[in-house]
Amino acid sequence: CLLNGIEEPVVTVPDGENVWSLMIDTNAPTESDEKKYWKTSDEEYILYEYDSSSDNKRVFELYAGIAGTAHVIDRGSFFYQASRNKPRVIKYFLNNQTSQVLDIPGVTAKNRKSLYSSKLNSLDFNVDENGLWVLFADPNSNNTAVMKVNDDILEIENIANVTVHHQEFEEMFIASGILYGIKGKTDENMTITFGLDLYTDTLYKLDIKLSKWLKPAKSATYDYVNKHLRVINKDGQLLTYSLICE
């Protein structure tokens with residue numbers, strides 16, 4: 001669906017300080033996993049799991065540290081950027097605590113760039129109905145690279161070079177195969193300004209305002225089951241926007 005409106009967000013204040021990301025598994029492998037959520041913080045090697053139906057809390061100790069704030073949980077796995085050296089995609093299986101690694105062609109520790117005006121991430125992970133996407137800065141230009149990944153076998157399907165200067169934007173996200181860009185000079189005028197269909201190359205000019213923003217945002221991800229945009233703002237609050245599509 002093409003986004004043509006957005007509702008006022010529901011604001012959730014998570015427990016604890018230094019909330020970097022707050023994730024759900026939109027395509028959870030079990031019913032019990034549907035009641036869980038996961039959190040990262042400034043503890044580089046720790047992923048927290050919480051069960052909203054109980055007081056249960058689980059701590060995963062990762063062999064590869066977490067870089068940035070724009071990670072995702074999907075189908076029972078945690079996808080994130082490894083800290084240190086060149087940007088790498090890590091797929092961490094929550095059920096057996098093993099990992100797979102995917103390198104990004106042409107991106108090294110020396111030529112990698114920070115994404116967006118916030119510069120909090122080198123890789124931005126997104127999941128929609130089509131699977132896993134990873135956004136990163138093209139090392140040879142100001143363009144935005146969009147990498148489609150087969151997350152079952154952790155192999156690259158395609159990398160598109162999009163002629164959008166990523167650092168002119170506060171955030172980007174992918175929903176139903178469409179790349180959206182969010183920009184604004186102040187919290188009061190944050191706006192989704194374009195949508196690019198990654199399958200047809202159709203470009204849509206948009207002017208959709210977002211309220212209650214607090215920049216720099218740490219992540220913006222799409223919940224494709226509930227049709228929500230989930231944003232973690234500067235203070236670690238979760239903003240859940242209901243999306244209106246054509």
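All of these numbers come straight from a predicted model, not from anything done at the bench.
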**Q** Any ring-ring contact (aromatic ring centres under 6.0 Å, His included) pairs touching residues 161-184, not counting sequence neighbours?
**A**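 Listed by first then second residue: F169-F194, F173-Y180.
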**Q** Roughly how far, to the nearest 0.5 Å, is CD1 of I73 from OG1 of T221?
**A** 11.0 Å
**Q** State plainly whether the residues R84 and E44 are in salt-bridge range, i.e. N to O under 4.0 Å.
**A**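 Yes, charged N to carboxylate O under 4.0 Å.
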**Q** Applying side-chain hydrogen bond (donor to acceptor under 3.5 Å, both in side chains), run through N130 and D128 and close with a yes or a no.
**A** CA-CA 5 Å; N130 304 291; D128 70 357; 3.2 Å; yes
**Q** For T40 and S21: C-alpha separation, side-chain torsions, deciding distance, then whether side-chain hydrogen bond (donor to acceptor under 3.5 Å, both in side chains) applies.
**A** CA-CA 5 Å; T40 63; S21 67; 2.5 Å; yes
**Q** Hey, could you give me each pair passing salt bridge (Lys or Arg N to Asp or Glu O under 4.0 Å) that has a residue in residues 88-117? Not counting sequence neighbours.
**A** K86-D103, R88-D103
**Q** Can you list every ring-ring contact (aromatic ring centres under 6.0 Å, His included) pair that touches residues 27-49, not counting sequence neighbours?
**A**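 Output for this query lists Y37-Y50.
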**Q** E129 vs S176, test: side-chain hydrogen bond (donor to acceptor under 3.5 Å, both in side chains). Steps then yes/no.
**A** CA-CA 6 Å; E129 303 91 333; S176 303; 3.0 Å; yes
**Q** Please determine whether the number of non-hydrogen atoms from other residues, nucleotides or ligands lying under 6.0 Å from atom CD of E246 exceeds 12.
**A** yes
**Q** Quick test of your reading of the model: are K36 and E49 salt-bridged, counting only N-O distances below 4.0 Å?
**A**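 Salt bridge present between K36 and E49.
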**Q** So which atom in Y241 and which in S211 form the shortest heavy-atom distance, rounded to 0.1 Å?
**A** OH-O, 2.6 Å
**Q** Is it true that D152 and R75 have a side-chain N and a carboxylate O under 4.0 angstrom from each other?
**A** yes
**Q** Before we go on, tell me: are the rings of F78 and H71 under 6.0 Å apart, centre to centre?
**A** yes
